Protein chains: 2
Amino acid sequence: MDLFVSKFFNKIDKKGRVSLPSSFRNVLPKANRNEIILYKSIKSPSIEGCGVGRLKEIAKRINNLDFFSEDYDDFSTSIFSEIVTTNVDKEGRFLIPEELKLYTGIKTEAAFFGQGHFFQIWEPKQGLKNTEDSRRRLLKEKKSLRMILTQQK
Amino acid sequence: MDLFVSKFFNKIDKKGRVSLPSSFRNVLPKANRNEIILYKSIKSPSIEGCGVGRLKEIAKRINNLDFFSEDYDDFSTSIFSEIVTTNVDKEGRFLIPEELKLYTGIKTEAAFFGQGHFFQIWEPKQGLKNTEDSRRRLLKEKKSLRMILTQQK
DNA sequence: TGGGATTATATGGGCGTCAATGGGTATATG
DNA sequence: CATATACCCATTGACGCCCATATAATCCCA
């Protein structure tokens, strides 16, 4: 599977290390399994992460916005300048930067949520609540959800 | 036959393993017979499952939504983080995640119901009751049922 | 075509490997 | 030199792989 899926709850040890879920590590290209990028989510108090290869895709999406709009500058600044690269050690663990811990409220445990081509890291309780809220909002729009889930090729 | 059809009742062993019905395994593409995806049904206390190929189509559709919209996050969260991938061993068995067991009430036995392009897994009693209820509802609308069954291609 | 032989499926269990986690020590970087 | 981080090793429990068996389905040949 080459997508980030499912959710995982991992502990942060005394040294601040946390395991990137094994199935997430396998999504990263074999060449760059020891490096990921992290940045603050624009829409929620969570961290978004992915392999370094995805940077190009993010750049493309931002480039598709109108260059002279305020959004362009805002997204460009908010995302690129906030990106940090982090090394994953041989056991698959990495350090969550202090600033991102503060931003998310993460203390002793981190919740990883697969999002397809990237993943999110949440303070566990907030992350679970977010999942419920999302699901509730979508159930109000059954039709569109069914479209995504059941459409046949 | 390349569709999930019929129903099967299989036991869950001490290790939590359960056999995916043989005829279901044969529906999966030969290349990916050792991995399936599972997710909570939107409409009932059951699990829905299918091959990983279907997930990739779903990913493509979500990816086409406006990346910076709220809908994107809702779909992405509700689908990707709720989906779990499970490995099917050489004997055709897999593990039902604890959370999905709780969601469905499955304990020692699992009922598999073919649904065409996907299948459902129910706690046996509830699954049978659901079948009866479905049929009863359909019979109230004989006309539309006949339409579906007799329509020629 | 009947009945024994072969194959497949569902199920049970042993055991090695890997993932998550903990901690000691070397190394780097300011 | 002090703090942070990378590397190495250890532990534990879960899971995958392998082998085994019983029952059911299929085959095959006299």
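Basis for what follows: all heavy atoms, side chains included, without hydrogens, waters or symmetry-related copies. All values reported here derive from a predicted model rather than from experimental measurement. Proteins come first, then strands; the chains are lettered A, B, ... in the order of their sequence lines, and each starts at number 1.
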Cluster link B:Ile62 to A:Val5, ILVMFWY, side chain under 4.5 Å: yes

Chain B contact limits on DNA chain D, taken 5' to 3' with a cut-off of 4.0 angstrom to heavy atoms: D:dC15 to D:dC19

Between A:Asp89 (CG) and C:dG23 (P), how many Å, whole number? 15 Å

What distance separates A:Ser23 OG from A:Met1 CE, expressed to the nearest 0.5 Å? 9.5 Å

At a heavy-atom distance below 4.0 Å, what parts of residues 3-29 of chain B sit against DNA chain C? B:Asn10, B:Lys11, B:Asp13, B:Lys14, B:Lys15, B:Arg17, B:Ser19, B:Leu20, B:Pro21, B:Ser22, B:Arg25

Grab the NZ-C1' distance between A:Lys90 and C:dT21 for me, whole Å please. 19 Å

Parallel, tilted or perpendicular: which describes the rings of A:Phe24 and A:Phe119, with under 30° parallel and over 60° perpendicular? tilted

Side chain to side chain, B:Ile106 and B:Ile12, heavy atoms closer than 4.5 Å: yes

What does the inter-axis angle of the helix from C:dT1-D:dA30 to C:dG30-D:dC1 come out as, five pairs per end, nearest 10 degrees? 50°

Side chains of A:Leu100 and A:Val84: does their closest heavy-atom pair fall under 4.5 Å? yes

In the single-linkage hydrophobic clustering (I, L, V, M, F, W, Y; side-chain heavy atoms under 4.5 Å), do A:Val52 and A:Phe4 co-cluster? no

Does the side chain of B:Leu3 reach to within under 4.5 Å of the side chain of B:His117, using non-hydrogen atoms? yes

Please check if A:Leu38 and A:Ile58 belong to a single hydrophobic cluster, counting links between Ile, Leu, Val, Met, Phe, Trp and Tyr side chain heavy atoms closer than 4.5 Å. no

Residue pair B:Thr77 / A:Gln115, side-chain donor-acceptor N/O under 3.5 Å: yes

Need to verify one output field. Residue with the more 5' nearest nucleotide on DNA chain D, B:Leu95 or B:Glu91? B:Leu95

Side chains of A:Tyr39 and A:Ile47: does their closest heavy-atom pair fall under 4.5 Å? no

